[in-house]
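A quick write-up on the structure given underneath.
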There are 2 protein chains.
Amino acid sequence: MAVESELRRGRTNVRSNVRKAPGPCEHWNDDSADFIREILDLVGDKWSVLIIGTLADGSVRYSDLADAIPGISQRMLTLTLKQLQRSGLVDRTAYAEVPPRVEYSLTALGSSLLATVLELAAWSADRHVEIRRHQHAYDTREA
Amino acid sequence: MAVESELRRGRTNVRSNVRKAPGPCEHWNDDSADFIREILDLVGDKWSVLIIGTLADGSVRYSDLADAIPGISQRMLTLTLKQLQRSGLVDRTAYAEVPPRVEYSLTALGSSLLATVLELAAWSADRHVEIRRHQHAYDTREA
DNA sequence: CTGAATCCATCCGGATACTG
DNA sequence: CAGTATCCGGATGGATTCAG
């Protein structure tokens with residue numbers, strides 16, 4: 001996701017010797033490919049998706065997110081939340097209390113993404129057995 | 001994507017001291033989260049998605065893929081194709097000719113994923129302006 | 001043309017310690 | 001509680017070279 005560098009600079013430095021290749025594609029042009037990359041940088045890593053899924057229910061506070069998402073480090077939780085907030089997918093609300101309480105929730109934009117993400121999740125659940133079968137067959141072919 | 005290690009070993013080594021956290025989630029359980037991770041490892045990087053999109057039209061040969069996807073290195077093209085083939089999303093057909101010709105195409109499984117991916121692409125195209133606006137506002141707030 | 005193999009700078013992300 | 005700061009090993013992926 002390149003969270004860290006992404007946060008300080010708006011774009012990934014892609015300077016490369018690519019001439020606009022003549023490749024035809026029915027479904028998207030070169031610009032669309034850039035959009036995809038942007039979104040993939042947002043939701044292409046597991047943490048973003050898991051956070052979005054966890055926030056689907058409503059507002060969740062920081063420590064509850066940490067508990068709800070096993071294996072995530074404080075660092076990545078904070079970093080990913082900040083990234084999602086920066087992109088307008090997540091709202092952050094801090095309450096001036098002691099002890100401090102901060103709640104995160106999906107914005108309308110985030111919710112609209114959730115729908116698509118859930119479809120991907122459904123696809124995953126439906127096909128993961130078949131995929132595993134393919135992978136195992138591939139790995140043990142003529143071994 | 002962890003292509004390299006993923007190709008030799010079936011799973012990413014995740015051994016960590018996570019107890020099955022009590023986190024409730026309306027949309028998926030801990031196992032589903034694993035599925036998501038698997039699929040994200042497959043399509044969570046830009047190259048996989050771009051390759052799948054390019055293969056949407058039909059069979060495409062190796063060098064044409066390289067031309068159609070600006071910026072991809074030979075290494076990543078080969079590696080990603082192999083990964084997709086391993087998972088049963090892509091078919092590889094080699095023709096015994098001189099010069100050699102190898103064509104790649106989506107399997108039925110791959111096509112079914114394409115549909116979901118296209119939705120994500122559409123979402124990206126629809127919202128990327130809004131997202132950029134959020135990001136810019138965030139970056140320049142009280143700077 | 002279609003890769004495979006190696007090298008290596010860069011980045012990612014977990015662990016740990018510290019703060020308001 | 002809700003983060004921030006730093007360290008640092010390992011993964012990532014581009015460039016290059018070699019091969020069938």
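Letters A, B, ... mirror the listed sequences (proteins, then strands); counts begin at 1.
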Original post:
When rounded to the nearest 0.5 angstrom, what distance separates CG in A/D45 from OG1 in A/T80?
Top reply: 5.5 Å
Original post:
Can you list the residues that meet the side-chain hydrogen bond (donor to acceptor under 3.5 Å, both in side chains) rule with A/S124, with sequence neighbours excluded?
Top reply: none
Original post:
CG of A/L40 versus C1' of D/dT12: gap in Å, rounded?
Top reply: 16 Å
Subject >> By side-chain hydrogen bond (donor to acceptor under 3.5 Å, both in side chains) - contacts of B/E103 (at least two apart) >> reply: B/R101
Original post:
Under the side-chain contact (heavy atoms from CB on, under 4.5 Å) test, which residues partner B/V49, sequence neighbours left out?
Top reply: A/W28, A/I36, A/L40, B/V43, B/V117
Original post:
Rounded to the Å, how far apart are B/K46 NZ and C/dC11 C1'?
Top reply: 13 Å
Subject >> For B/Y104, all residues meeting side-chain hydrogen bond (donor to acceptor under 3.5 Å, both in side chains), sequence neighbours excluded >> reply: none
Subject >> Partners meeting side-chain contact (heavy atoms from CB on, under 4.5 Å) with A/S111 (sequence neighbours left out) >> reply: A/L106
Could you list the protein-to-nucleotides 2-6 of chain C atom pairs, N/O on both sides, closer than 3.5 Å?
residue: C/dT2; atom: OP1; partner: B/R61; partner atom: NE; Å: 3.1
residue: C/dT2; atom: OP1; partner: B/R61; partner atom: NH2; Å: 3.3
residue: C/dT2; atom: OP2; partner: B/S63; partner atom: N; Å: 2.8
residue: C/dT2; atom: OP2; partner: B/S63; partner atom: OG; Å: 2.8
residue: C/dG3; atom: OP1; partner: B/R92; partner atom: NH1; Å: 2.1
residue: C/dG3; atom: OP2; partner: B/Y104; partner atom: OH; Å: 2.6
residue: C/dG3; atom: N7; partner: B/Q74; partner atom: OE1; Å: 3.4
residue: C/dA4; atom: OP1; partner: B/K82; partner atom: NZ; Å: 3.3
residue: C/dA4; atom: OP2; partner: B/K82; partner atom: NZ; Å: 3.1
residue: C/dA4; atom: N6; partner: B/Q74; partner atom: OE1; Å: 3.3

Original post:
So how far off straight is the helix from C/dC1-D/dG20 to C/dG20-D/dC1, going by the axes through five pairs at either end, to 10°?
Top reply: 40°
Original post:
Hey, does the side chain of B/W47 come within less than 4.0 Å of D/dT12's phosphate (OP1/OP2), counting only N and O?
Top reply: no
Original post:
Expressed in angstrom and rounded to an integer, what is the separation of A/M76 atom CE from D/dA5 atom P?
Top reply: 16 Å
Original post:
Rounded to whole angstroms, how far apart are CG on A/D41 and P on C/dG13?
Top reply: 11 Å
Original post:
Nearest-Å distance, CD (B/Q83) to C1' (D/dA11)?
Top reply: 15 Å
**OP:** Not counting sequence neighbours, which residues clear side-chain contact (heavy atoms from CB on, under 4.5 Å) with A/A122? List them please.
**Re:** none
**OP:** Applying side-chain hydrogen bond (donor to acceptor under 3.5 Å, both in side chains), name anything that partners B/T116, two or more places apart in sequence or on another chain.
**Re:** none
**OP:** Can you tell me the distance, in whole Å, between the OH atom of A/Y95 and the P atom of D/dG3?
**Re:** 13 Å
